[in-house]
Amino acid sequence: MIWDPKYEAMPRAKLKALQGKRLRDIAKRVYERVPFYKAKFDALKVAPSDIRGVEDLHRLPFTTKDDMRDVYPYGLLACDLKKIIEIHTSSGTTGKPVVDAYTRADIDLWAEVMARTFSMGGAGKDDILQNAYGYGLFTGGLGAHYGAQRIGAACIPISGGNTKRQLDVMRDFGSTMLTCTPSYSLYIAEAGREEGIDFSKLPLRFGFFGAEPWSDNMRADIEDKLRIKAFDIFGLTEIIGPGVAAECEHQNLLHVFEDHFYPEIISPETGEPLPDGEKGELVFTTLTKEGTPVIRYRTRDITYLSREQCACGRTHVKMHRILGRTDDMLIIRGVNVFPSQVEHVLVTIKGVEPHYQLIVERVDNLDTLEVQVEMTEDLFSDELKYIEQKERQIEHHLREALLVHSKVKLVEPKSIARSEGKAKRVIDNRA
Ligand code: DLL
């Protein structure tokens, strides 16, 4: 079902005109109301009146995470603080958190884009959402909450963690939808299996997973273990939270809600815009946000865009699932390595689970990479000789994919720490 056909299936020429108008408005608004942006525009000698439409977007300055930290907490506010009704921040694990401040209209917009997200998967007012994203400053919990209420579904605000209770609630309340990180959904599946739950007997029908990278193979695993259809949903605090892009029923790339969030792909090195189909850094401009509008935010996420017509009828541009991050990139003995490359190899190998951790050390000035991977119960009960063979086999495949040697260590099932939120994939002890 298309939640809002007027905008989601708008003919492209009309959409472009709408985006142009919104861009002109937002450029003028941030120039007049946010000193940070006035200074940035002035430094580039660009005035809001130079912007006629989206074709002029490349003339505007970028905004980076560091910029946002420099003006923490309220430096990006484009309206009176009195108009703000809710505030969220990123986790701030690598520095000062970034702040998203929402007006009433922004919360409405958020509910609307999350309603689109859930409708894409086929959810509606008969559904019961078990919302296992964290509530609090993190945007996952409340974003999903507002969206579920907007479509008229019943929302159970269970938040993350307490897996035993998650299973009880799922069974007792007959949850039909689950929202959490993809890694936590697998954890719930494993815990359920141990409790002897047959997921095919439960009403659970679909899950909307995001907030961390995953893969099509991991999707297959989740769909098989939980007996659901699993959709990828994407978003970030700096833009609104979840509700920036999501998969439709065809589960083939994510539609970007580009009437509100305008995407570009740029070269991370030069900052130059790249054509459709080329991989690069994803950049967003918010076209309608009131509280903290953002111009050309560099997400550090890597993907590409596709404007191929989608069979669902939506006209919005699609992005591939996130392929990596410019700042997740590890440089190991001079070679660029992304954790997602490791995952892609692991999911093709029998006998291991997609629970893994990369441990990087520096020994005698040389970088070493150890990849710890969980075995399946079956492999674990096998002979040691066979397990060692398996380790060598995985090392060989990783060497071909990463072009750098790693040491693979197969570890006991369930020995890698599980997270109720985002999984921690890399431990870099070199610093
Ligand atoms: O993770 C918002 C969110 C909540 C999205 C719930 C989806 C579901 P942040 O904590 O600010 O916001 O983290 C944003 O997480 O730049 C990506 O690197 C990553 N990310 C988010 N969704 C996906 C996804 C929320 N579907 C950062 N696939 C982003 C891969 C994702 N990475």
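Counting starts at 1 for both ligands and their atoms, in listed order. On a predicted model such as this, the values are computed, not experimentally measured, just so you know. Numbers here are sequence positions counted from 1. These values consider heavy atoms only, across backbone and side chains, with no hydrogens, waters or symmetry-generated copies.
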Would you check the N or O atoms of W214, main chain and side chain alike, for any that come under 3.5 Å of an N or O of ligand 1? no
Where is the nearest protein heavy atom to atom 25 (C) of ligand 1: which residue, which atom, and how far? G235 O, 3.6 Å
Can you sort out which atoms of ligand 1 are near F138, meaning under 4.0 Å from one of its heavy atoms? 1 (O), 4 (C), 10 (O), 25 (C)
Please compare I302, T139, L236 and report which has the shortest non-hydrogen distance to atom 14 (C) of ligand 1. L236
Between D301 and ligand 1, which residue portion shows a heavy-atom distance shorter than 4.0 Å: side chain, backbone, both, or neither? side chain
S90 heavy atom under 4.0 Å from ligand 1: no
By salt bridge (Lys or Arg N to Asp or Glu O under 4.0 Å) - contacts of K38 (at least two apart): D42
To the nearest 0.5 Å, tell me how far K414 NZ sits from E194 CD. 4.5 Å
Side-chain ion pair, R418 and E374, N-O less than 4.0 Å: yes
Is it the side chain (CB and beyond), the backbone, both or neither of I322 that lies under 4.0 Å from ligand 1, heavy atoms counted? side chain
Ionic contact status for D108 with R150, cut-off 4.0 Å: yes
How far is atom 8 (C) of ligand 1 from its nearest protein heavy atom, and which residue and atom is that? Y133 OH, 3.3 Å
Heavy-atom nearest option to atom 28 (N) of ligand 1, drawn from H88, E212, M114, R321: E212
Checking a contact table here: which protein heavy atom is nearest atom 13 (O) of ligand 1, and how many Å away? K422 NZ, 3.0 Å
Counting from 1, what ligand 1 atoms have a heavy atom of G140 closer than 4.0 Å? 4 (C), 6 (C)
Salt-bridge test for D126 and R205: reply yes if a basic N is under 4.0 Å from a carboxylate O, no otherwise. no
Could you tell me whether the side chains of E343 and W214 share a donor-acceptor contact shorter than 3.5 Å? no
Nearest neighbour in protein (non-hydrogen) for atom 11 (O) of ligand 1: T237 OG1, 2.5 Å
I need the full list of ring pair (Phe, Tyr, Trp, His ring centres under 6.0 Å) pairs touching residues 254-297, with sequence neighbours left out, sorted by first then second residue. none
To the closest 0.5 Å, what do you measure between CE (M10) and CG (D4)? 8.5 Å
Ring centres under 6.0 angstrom apart (H88, Y102): yes
Of the protein's non-hydrogen atoms, which lies at the shortest distance from atom 19 (C) of ligand 1, and what is that distance? A211 O, 3.8 Å
